[in-house]
Colleague: 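My questions will all concern the structure given below.
All residue numbers in this chain count up from 1 along the given sequence. Side chains included, hydrogens not; waters and symmetry mates left out as well; all remaining heavy atoms used. Just follow the structure's listing: the first ligand is 1, and inside any ligand the first atom is 1.
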Amino acid sequence: MTTRSETRTALDHLLTEIEHRNPAQPEFHQAAHEVLETLAPVIAARPEYAEPGLIERLVEPERQVIFRVPWQDDQGRVHVNRGFRVEFNSALGPYKGGLRFHPSVNLGVIKFLGFEQIFKNALTGLGIGGGKGGSDFDPHGRSDAEVMRFCQSFMTELYRHIGEHTDVPAGDIGVGGREIGYLFGQYRRITNRWEAGVLTGKGQGWGGSLIRPEATGYGNVLFAAAMLRERGEDLEGQTAVVSGSGNVAIYTIEKLAALGANAVTCSDSSGYVVDEKGIDLDLLKQIKEVERGRVDAYAERRGASARFVPGGRVWDVPADIALPSATQNELDENDAATLIRNGVKAVSEGANMPATPEAVHLLQKAGVAFGPGKAANAGGVAVSALEMAQNHARTSWSAARVEKELTHIMNDIHTTCHETAERYDAPGDYVTGANIAGFERVADAMLAQGVI
Ligand code: NDP
């Protein structure tokens, strides 16, 4: 029987090896540290998990594809971007995870997201493996025609690697309904198949699920509500700070309002807006979803209650709960200290890995309820899996039915994380609970399926 400290030493060695074998991938190293550092208790308690090679297989993607994406802009100039798809783990089902179009995308970023996705998807309890993809293409300022040509070129390579039973991409940063439409069209054209289940986040009327656009934001608010409930509180009357102003942020703000809380901020890479009266969602949707504008336009049009802070951080605004919903490492130790000083009760991650490890540590030490992304933002991928189920059955469910399923799944994830943390002597530690519960499900499937 290995002890916890022997297991910890073995995991430390493995983490050093991961850094050597995957140079210049700091985000992937960070994600691997975050998970592996919490696994010692479960590996020490269950000897089958100490089997040589299990964790080594878990941290090595099953397949990584990198490809050239040439496309022409509206002036006829040729641009060359890089495309990625990392198929990380299919022990539980077809690879599933979004596509990100952002200039910061590189292999390490996609691997961090794909690695997180394995455990997140396992936590949903549904039959989906983990994968992620994207490109260093920047859609900002590009015309619809340019985005279409880029998506078509991207899919002209990607189509070989995906399929409804193989790998099912969805959206992420820079990839919303418009991009999924262009990608799906090109897939259909190349393959000459109506294979609705090959992509999720599709439009309503051609295979999309109701509540999929809302699912990540709604799910995160439901997770935050469950954490508060555990402490005898609820969302009614709470003030919230939300970062980002994309898909996740918008539907986070919407669900907060529906549950009686008030979101007073949103942001993008230019800065943030604080609105004393609470964010006006119709105005924000008009600017972001229709006009594809910047958040300063919100402050200009909203009137006296709102102001724009260029380059600032929403975490400076006092609030009861914080829901980071933009990007990785957007909430650091200083931000965490500010939130704590201002009396924050809960932080729930809508984005993937938005809080740095130091910030997470500080928040947990201060007794703040902290919901890690792989649990708190799993609602998006869960409804994507429900979209796949509807596609297979050639049917579509009502919004009420999908939302009921989503609520059930988020409450289940919360309970699983909470109970697992208690089982491994870490009460209230949702990071440990999420990592161990996700790991157990994937590791059991991997062990049962042999050394592959
Ligand atoms: P969107 O592209 O719709 O919105 C992203 C938002 O974050 C924009 O406001 C964007 O501002 C801001 N942002 C992105 N990168 C940066 C950056 N480097 N610095 C500052 N602001 C930035 O993406 P989503 O809302 O879909 O995704 C947000 C987060 O949620 C990501 O971490 C994603 O991985 C995660 N997530 C998304 C899911 C989904 O279903 N969409 C599911 C689970 C997690 P700007 O326009 O200025 O770049």
Side-chain angles (χ1 to χ4, degrees), residues 27 31 96-105 109-110 112-117 120-121 123-124 130 132-134 136-142 147 169-180 200-201 208-209 211-220 223 242-253 265-273 279 284-285 287-289 291-298 310-315 323-332 348-355 371-385 387 406 410:
E27 293 87 358
K96 182 89 198 81
L99 298 171
R100 176 176 290 191
F101 292 170
H102 192 272
S104 63
V105 163
V109 168
I110 298 298
F112 121 62
L113 291 163
F115 186 65
E116 284 283 295
Q117 199 82 44
K120 178 189 312 197
N121 294 3
L123 282 171
T124 66
K132 199 84 187 186
D136 55 4
F137 172 70
D138 186 356
H140 287 112
R142 291 291 171 194
V147 170
D172 190 82
I173 292 177
V175 179
R178 173 183 62 170
E179 290 74 17
I180 293 293
T200 58
S209 175
I211 307 295
R212 175 59 189 93
E214 294 87 348
T216 308
Y218 280 19
N220 188 28
F223 194 89
V242 176
S243 63
S245 52
N247 171 268
V248 177
I250 284 175
Y251 292 103
T252 297
I253 294 169
T265 64
C266 64
S267 69
D268 63 20
S269 50
S270 67
Y272 76 87
V273 161
I279 297 293
L284 184 63
K285 281 184 179 174
I287 290 168
K288 282 292 170 179
E289 292 183 339
E291 299 167 20
R292 295 184 188 274
R294 316 298 295 158
V295 285
D296 57 344
Y298 175 96
R313 323 261 277 179
V314 297
W315 321 122
L323 301 136
S325 308
T327 194
Q328 64 269 15
N329 294 328
E330 56 162 318
L331 193 167
D332 66 17
S348 201
E349 295 187 318
N352 284 309
M353 214 168 72
K374 65 170 73 64
N377 71 36
V381 77
V383 173
S384 272
E387 182 171 321
L406 171 66
M410 294 315 298

Colleague: When you compare ligand 1 with K132, is there at least one nitrogen or oxygen pair between them that comes in under 3.5 angstrom?
Modeller: no
Colleague: Using a 4.0 Å cutoff against the non-hydrogen atoms of N352, which atoms of ligand 1 qualify?
Modeller: 32 (O), 33 (C), 34 (O), 35 (C), 36 (N), 44 (C)
Colleague: Look at atom 23 (O) of ligand 1 and say which protein heavy atom is nearest, naming residue and atom and giving the distance to 0.1 Å.
Modeller: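 Looking at atom 23 (O) of ligand 1, the protein heavy atom closest to it is I173 CA, 3.4 Å.
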Colleague: Would you mind checking which non-hydrogen protein atom is closest to atom 42 (C) of ligand 1, with the distance to 0.1 Å?
Modeller: T216 OG1, 3.3 Å
Colleague: So for ligand 1, is S270 a polar contact partner (N or O within less than 3.5 Å, distance only)?
Modeller: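 N/O-N/O distance under 3.5 Å: no.
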Colleague: With no hydrogens and no angle check, is any side-chain donor or acceptor of N377 less than 3.5 Å from a backbone partner on T216?
Modeller: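 No; zero donor-acceptor contacts below 3.5 Å.
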Colleague: Distance-only, no hydrogens or angles: does the K288 side chain make a donor-acceptor pair with backbone N or O of G293 under 3.5 Å?
Modeller: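 Yes.
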Colleague: With respect to atom 20 (C) of ligand 1, which of P103, G134, S269, A170 exhibits the smallest heavy-atom separation?
Modeller: S269
Colleague: Identify, for atom 9 (O) of ligand 1, the protein heavy atom at the shortest distance, and state residue, atom and that distance.
Modeller: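 The answer is S245 N, 3.0 Å.
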Colleague: Test side-chain contact (heavy atoms from CB on, under 4.5 Å) on V175 and I180; report intermediate values, then the result.
Modeller: CA-CA 7 Å; V175 179; I180 293 293; 4.0 Å; yes
Colleague: Report yes or no: does D268 contribute a side-chain atom to a donor-acceptor pair with the main-chain N or O of V295 at less than 3.5 Å?
Modeller: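 Indeed, once roles are kept as given, a pair shorter than 3.5 Å links the two residues.
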Colleague: Just to confirm my output: which protein heavy-atom neighbour is closest to atom 11 (O) of ligand 1, and how far is it?
Modeller: D268 CB, 3.3 Å
Colleague: Using a 4.0 Å cutoff against the non-hydrogen atoms of G350, which atoms of ligand 1 qualify?
Modeller: 30 (O), 35 (C), 36 (N), 44 (C)
Colleague: Heavy-atom contacts with N377 under 4.0 Å: which atoms of ligand 1 show up? List them by number with element.
Modeller: 43 (C), 44 (C)
Colleague: Start with the C-alpha gap between D332 and W315, add the side-chain angles, then the distance that decides, and say whether side-chain contact (heavy atoms from CB on, under 4.5 Å) holds.
Modeller: CA-CA 10 Å; D332 66 17; W315 321 122; over 6 Å; no
Colleague: Relative to the heavy atoms of S267, which atoms of ligand 1 are at a distance of less than 4.0 Å?
Modeller: 9 (O)
Colleague: Run the numbers for me: atoms of ligand 1, each under 4.0 Å from some heavy atom of R212, listed by number.
Modeller: 40 (O)
Colleague: Any donor and acceptor pair, going by atom type alone, linking the side chain of E179 with main-chain N or O of G176 inside 3.5 Å?
Modeller: yes
Colleague: Which residue from A326, G246, G174 reaches closest to atom 2 (O) of ligand 1 through any of its heavy atoms?
Modeller: G174
Colleague: Would you say N220's side chain and L323's backbone share a donor-acceptor pair under 3.5 angstrom?
Modeller: no
Colleague: Work out whether the distance between some heavy atom of R100 and some atom of ligand 1 is less than 4.0 Å.
Modeller: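 Yes, that is the case, since the closest heavy atom of the residue is under 4.0 Å from the ligand.
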Colleague: Looking only at protein heavy atoms, which one is nearest to atom 46 (O) of ligand 1, and how far off is it?
Modeller: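 Its nearest protein heavy-atom neighbour is H140 NE2, 2.9 Å.
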Colleague: Among protein heavy atoms, which sits nearest to atom 25 (O) of ligand 1, and what does the distance come to when rounded to 0.1 Å?
Modeller: V248 N, 2.9 Å
Colleague: Has Q117 got a side-chain atom pairing as donor or acceptor with G130's backbone, closer than 3.5 angstrom?
Modeller: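 No; zero donor-acceptor contacts below 3.5 Å.
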Colleague: Report yes or no: does E387 contribute a side-chain atom to a donor-acceptor pair with the main-chain N or O of G201 at less than 3.5 Å?
Modeller: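 It does hold such a pair.
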Colleague: Would you say R294 contacts ligand 1, with heavy atoms under 4.0 Å as the rule?
Modeller: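 Yes; R294 lies near enough to ligand 1 that a heavy-atom distance drops under 4.0 Å.
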Colleague: Can you check whether E116 reaches Q328 side chain to side chain, under 4.5 Å on heavy atoms?
Modeller: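 A side-chain contact under 4.5 Å is absent here.
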Colleague: Would R294 and H140 count as a side-chain contact (heavy atoms from CB on, under 4.5 Å) here? Give the steps.
Modeller: CA-CA 10 Å; R294 316 298 295 158; H140 287 112; 3.8 Å; yes
Colleague: Check whether any side-chain N or O of T265 sits under 3.5 Å from a backbone N or O of V273 as a donor-acceptor pair, and report yes or no.
Modeller: no
Colleague: Return the residue, atom name and 0.1 Å-rounded distance of the protein heavy atom closest to atom 34 (O) of ligand 1.
Modeller: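 Going by distance alone, atom 34 (O) of ligand 1 is nearest to D172 OD1, 2.6 Å.
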Colleague: Indicate yes or no: does an N/O atom of S325 lie under 3.5 Å from an N/O atom of ligand 1?
Modeller: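 Such a contact does not occur with ligand 1.
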Colleague: List the closest protein heavy-atom neighbour of atom 18 (N) of ligand 1: residue, atom name, distance to the nearest 0.1 Å.
Modeller: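 Residue, atom and distance for the closest contact: T327 CG2, 3.7 Å.
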